[in-house]
Colleague: 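Below is a structure I'd like to ask you about.
The structure presented is a predicted model; accordingly, all values stated were derived computationally and were not measured. Numbers restart at 1 for each chain; the letters A, B, ... are given by sequence-line order, proteins then strands.
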Amino acid sequence: EAQVTQNPRYLITVTGKKLTVTCSQNMNHEYMSWYRQDPGLGLRQIYYSMNVEVTDKGDVPEGYKVSRKEKRNFPLILESPSPNQTSLYFCASSFIGTGPYNEQFFGPGTRLTVL
Amino acid sequence: TQLLEQSPQFLSIQEGENLTVYCNSSSVFSSLQWYRQEPGEGPVLLVTVVTGGEVKKLKRLTFQFGDARKDSSLHITAAQPGDTGLYLCAGPLDSGTYKYIFGTGTRLKVLA
């Protein structure tokens, strides 16, 4: 089944404790992206990647790191989480076609709480 | 600064009613997408509009892209409880970029 998987689905942690949220897709998509979703703000893009070893900042990259060592994986790293990073996080992937309007496939989300 | 404003934020209607959701911006977009998100899941693409003035239909859903490509609307005819969800518009921040922005969302509840 074609899908984007994220782990963990739920995470409660404390301020300053490094964490990684994994994202994997099995559709051979070049493009992968991370978003956070907060009430009243919609989804905001954190980082995106056009291909292996190619990443770029989205709208709200501060406090986050990403890496793209393999095409299928795009982990999100919070080196020193803070309470304002409590949010619902989504990973997405898509093919890169003739224009930046290809369908993004989203994972099920990771609900992160930082105490 | 939110570049894509959606209205209304919340909408609760009876089954069978019609409704329109708006997505507005002061910026020109090369394309706009509409997604629907259900509780506990990620957004799912409904449609992409590319050409100014374009109208696309998906069963009871009609999507329109403004002539100036600064706004879009989603009209649902004879809403059903299965239409309940969060509707999001989205588009590339700059033409040719893969930096995306999403609207603030419209939460629709259709009562049986």
Side-chain angles (χ1 to χ4, degrees), chain A residues 2-6 9-10 21 23 25 27 29-51 54-61 66 68 74 87-111, chain B residues 1-10 21 23-25 27-52 54 56 58 63 65 69 72 85-107:
Chain A
Q3 60 183 347
V4 178
T5 56
Q6 295 179 227
R9 293 289 313 277
Y10 303 91
V21 183
C23 172
Q25 51 93 5
M27 295 169 278
H29 286 163
E30 301 94 346
Y31 179 85
M32 296 186 76
S33 181
W34 276 103
Y35 297 88
R36 61 178 288 175
Q37 186 173 32
D38 302 289
L41 296 176
L43 276 86
R44 292 179 293 167
Q45 192 172 40
I46 303 170
Y47 271 96
Y48 64 96
S49 170
M50 303 284 284
N51 214 325
V54 180
T55 63
D56 209 344
K57 296 177 181 178
D59 205 26
V60 288
V66 293
R68 188 93 181 272
F74 190 44
S87 187
L88 179 58
Y89 291 86
F90 287 99
C91 179
S93 71
S94 76
F95 286 116
I96 292 180
T98 55
Y101 44 78
N102 296 297
E103 177 178 5
Q104 292 189 66
F105 293 84
F106 284 80
T110 294
R111 187 166 291 282
Chain B
T1 304
Q2 183 59 252
L3 296 183
L4 281 175
E5 297 285 346
Q6 285 187 239
S7 61
Q9 262 192 296
F10 302 96
V21 175
C23 174
N24 294 299
S25 177
S27 303
V28 175
F29 281 81
S30 57
S31 63
L32 276 179
Q33 296 179 320
W34 284 93
Y35 288 81
R36 181 168 68 205
Q37 183 180 15
E38 299 190 20
E41 299 180 9
V44 175
L45 181 69
L46 295 172
V47 79
T48 301
V49 285
V50 180
T51 307
E54 182 176 5
K56 280 192 175 178
L58 186 67
F63 304 85
F65 200 12
R69 291 185 287 127
S72 181
L86 178 66
Y87 289 82
L88 297 157
C89 61
L93 195 57
D94 297 299
S95 178
T97 184
Y98 282 83
K99 202 169 184 176
Y100 270 88
I101 62 166
F102 277 75
T104 47
T106 294
R107 192 166 296 280

Colleague: Do you know the tightest heavy-atom contact between G42(B) and F90(A)?
Modeller: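 Heavy-atom minimum between the residues: CA-CE2, 3.4 Å.
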
Colleague: Between G58(A), S33(A), P39(A), which shows the greatest number of heavy-atom pairs under 4.5 Å with chain B?
Modeller: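 Highest number of pairs under 4.5 Å: G58(A).
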
Colleague: For the OH atom of Y47(A) and the NZ atom of K99(B), what is their distance to the nearest 0.5 Å?
Modeller: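 One gets 10.5 Å once the value is rounded to the nearest 0.5 Å.
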
Colleague: If I measure from the heavy atoms of chain A, does Q37(B) come under 4.5 Å with its side chain, its backbone, both, or neither?
Modeller: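 It is the side chain, since no backbone atom gets that close.
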
Colleague: In this structure, are over 12 heavy atoms from other groups packed under 6.0 Å from R111(A) atom CZ?
Modeller: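 Not buried by this count: 12 neighbours or fewer within 6.0 Å.
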
Colleague: Enter the distance from E103(A):CD to T48(B):OG1 here, rounded to the nearest 0.5 Å.
Modeller: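 That separation rounds to 7.5 Å.
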
Colleague: What part of Q37(A) gets within 4.5 angstrom of chain B, counting heavy atoms only: side chain, backbone, both, or neither?
Modeller: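 Just the side chain, heavy atoms under 4.5 Å.
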
Colleague: Is Y35(A) close to chain B through its backbone or its side chain, or both, or neither, when contacts mean heavy atoms under 4.5 Å?
Modeller: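 Side chain only.
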
Colleague: How many angstroms lie between CG in L43(A) and OH in Y100(B), if you round to the nearest 0.5 Å?
Modeller: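 Taking CG in L43(A) and OH in Y100(B), the distance rounds to 13.0 Å.
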
Colleague: At a heavy-atom separation under 4.5 Å, does R9(A) approach chain B through its side chain, its backbone, both, or neither?
Modeller: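 Answer is side chain: those atoms of R9(A) sit under 4.5 Å from chain B.
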
Colleague: Atom CD of E41(B) and atom CZ of F106(A): how far apart are they, to the nearest 0.5 Å?
Modeller: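 These two atoms lie 13.0 Å from each other.
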
Colleague: How many angstroms lie between CD1 in I101(B) and CG in D59(A), if you round to the nearest 0.5 Å?
Modeller: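 Going from the CD1 atom of I101(B) to the CG atom of D59(A) covers 7.5 Å.
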
Colleague: In terms of heavy-atom proximity below 4.5 Å to chain A, should L32(B) be classed as side chain, backbone, both, or neither?
Modeller: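 L32(B) has no heavy atom closer than 4.5 Å to chain A.
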
